K.L.:
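Below: one structure in structure tokens.
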2 protein chains.
Amino acid sequence: MGDSLQPQLKVSFRKSIAMGPGKAALLDAISKNGSISAAARELGMSYRRAWILVNTMNNSFLSPLVETLTGGKRGGGARVTEFGEEVLYQYRSMEEKATKSVRTEMRRFAEYMRD
Amino acid sequence: MGDSLQPQLKVSFRKSIAMGPGKAALLDAISKNGSISAAARELGMSYRRAWILVNTMNNSFLSPLVETLTGGKRGGGARVTEFGEEVLYQYRSMEEKATKSVRTEMRRFAEYMRD
DNA sequence: CTGCGTTATATTTAACAAGATATAGCGATA
DNA sequence: TATCGCTATATCTTGTTAAATATAACGCAG
């Protein structure tokens, strides 16, 4: 999350952020890894933190974006729900649109800044 | 800064935010009030916090966005430079473009969320 | 030459966020 | 039924950030 010259799309819900760049990345990582803990490791954050982010998302939307299983052969796991994929897709789509809409202006704006 | 259903435009510079919604509002308030402390009072923040924001902005861009005076009949004051006005204008312009570009999608997205 | 309102900054204090650690439950599998 | 990896917390500690407080400099006005 270093220097970013693009708009950050954040969707707020009662003071907390329901969806943003970090949570979107986490959804991707969960989707890819099949568990919250593996996703957390990949992103270099604590399991606790990742779990809190998931919890916030699930509480902010009409139905859960992430479903979890405990126990079982591999201890359990987590998956992004159909609805979660849809939310993520819409978010990415908006992110791309917003970014493209100011691309050239952003480049010019960057020239105002130190390096 | 409650629930926002619009993209937040943040321009980062070496881990700190060079320009964002809060700093843009501060520039407006300084422009209007002619001093950092009056602007801070209007926005309900401490002088210290406002000063830090100004300092970050001034250090992030090629030249200062805010100029200050100490002493004098009214104790001193601050003004937004020509360059600062330009930066603010460009920022507002990008903000509006980005917002408009995802307006309809945002409305649909909002229906996914609890109320 | 004192008071005023502001910028500017240092220092201390408090609030909050993050991290570390611990523990329990789950259920397939061996 | 013991083991394993993961979810799901609770609790405690640490670290970071923000707020509060204090102080100095500035220069005009009285």
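Per chain, numbering begins at 1; letters A, B, ... match sequence-line order. If you're wondering where the values come from, they're calculated on a predicted model, not measured in any experiment.
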K.L.:
So, OP1 or OP2 of C:dT7: does either fall under 4.0 Å of a side-chain N or O from B:Trp51?
P.N.:
no
K.L.:
Which one, D:dT7, D:dA20, D:dA29, comes nearest to the side chain of A:Ser37?
P.N.:
D:dT7
K.L.:
More than 12 foreign heavy atoms under 6.0 Å from CD of A:Glu82: is that the case here?
P.N.:
no
K.L.:
Of the nucleotides C:dC26, C:dG19, D:dA29, which one has an atom closest to the side chain of B:Lys73?
P.N.:
D:dA29
K.L.:
Would you indicate whether the side-chain heavy atoms of A:Leu27 and A:Met57 approach each other to under 4.5 Å?
P.N.:
yes
K.L.:
Which nucleotide sits closest to the side chain of B:Tyr47: C:dC26, D:dT9, C:dT9?
P.N.:
C:dT9
K.L.:
Rounded to whole Å, please give me the gap between CD1 in B:Ile30 and P in C:dT6.
P.N.:
13 Å
K.L.:
Measuring from the side chain of B:Ala78 (C-beta onward, heavy atoms only), which nucleotide among D:dT7, C:dG19, C:dT7 has the closest atom?
P.N.:
C:dT7
K.L.:
Please report the distance, rounded to the nearest Å, between CG in B:Leu53 and C1' in C:dT7.
P.N.:
15 Å
K.L.:
Looking for any heavy atom pair under 4.0 Å, which part of the strands does B:Gly72 touch: base, sugar-phosphate only, or nothing?
P.N.:
base
K.L.:
With respect to the side chain of B:Thr68, which nucleotide from D:dA29, D:dA19, C:dA8 is positioned closest?
P.N.:
C:dA8
K.L.:
Please report, rounded to the nearest Å, how far the P atom of C:dG19 is from the CG atom of A:Leu43.
P.N.:
13 Å
K.L.:
For A:Asn55 and A:Gly75, take the nucleotide of DNA chain D holding the closest heavy atom to each; which residue's nucleotide lies nearer the 5' end?
P.N.:
A:Gly75
K.L.:
Should A:Arg49 be listed as having a side-chain N or O under 4.0 Å from OP1 or OP2 of C:dA18?
P.N.:
yes
K.L.:
Rounded off to whole Å, could you give me the CD-to-P distance for the A:Glu67 and D:dA8 pair?
P.N.:
11 Å
K.L.:
Return whichever of A:Arg48 or A:Thr70 has its heavy-atom-nearest nucleotide of DNA chain C closer to the 5' end.
P.N.:
A:Arg48
K.L.:
The criterion is side-chain hydrogen bond (donor to acceptor under 3.5 Å, both in side chains); which residues satisfy it with B:Asn58, sequence neighbours excluded?
P.N.:
none
K.L.:
Report the distance from atom CD1 of B:Ile52 to atom P of D:dA18, rounded to the nearest whole Å.
P.N.:
8 Å
K.L.:
Starting at CZ of B:Arg74 and ending at P of D:dG27, how long is that distance when rounded to a whole Å?
P.N.:
18 Å
K.L.:
Is a salt bridge present between A:Arg92 and A:Asp28, judged by a nitrogen-to-oxygen distance below 4.0 Å?
P.N.:
yes
K.L.:
Without decimals, in angstroms, what is the distance between B:Arg79 CZ and C:dT6 C1'?
P.N.:
17 Å
K.L.:
If every non-hydrogen atom of A:Gly20 is compared with every non-hydrogen atom of A:Tyr91, which pair is closest and at what distance?
P.N.:
C-OH, 3.2 Å
K.L.:
For A:Ser35, report the nucleic acid contact type (base, sugar-phosphate, nothing); a contact means any heavy atom under 4.0 Å.
P.N.:
sugar-phosphate
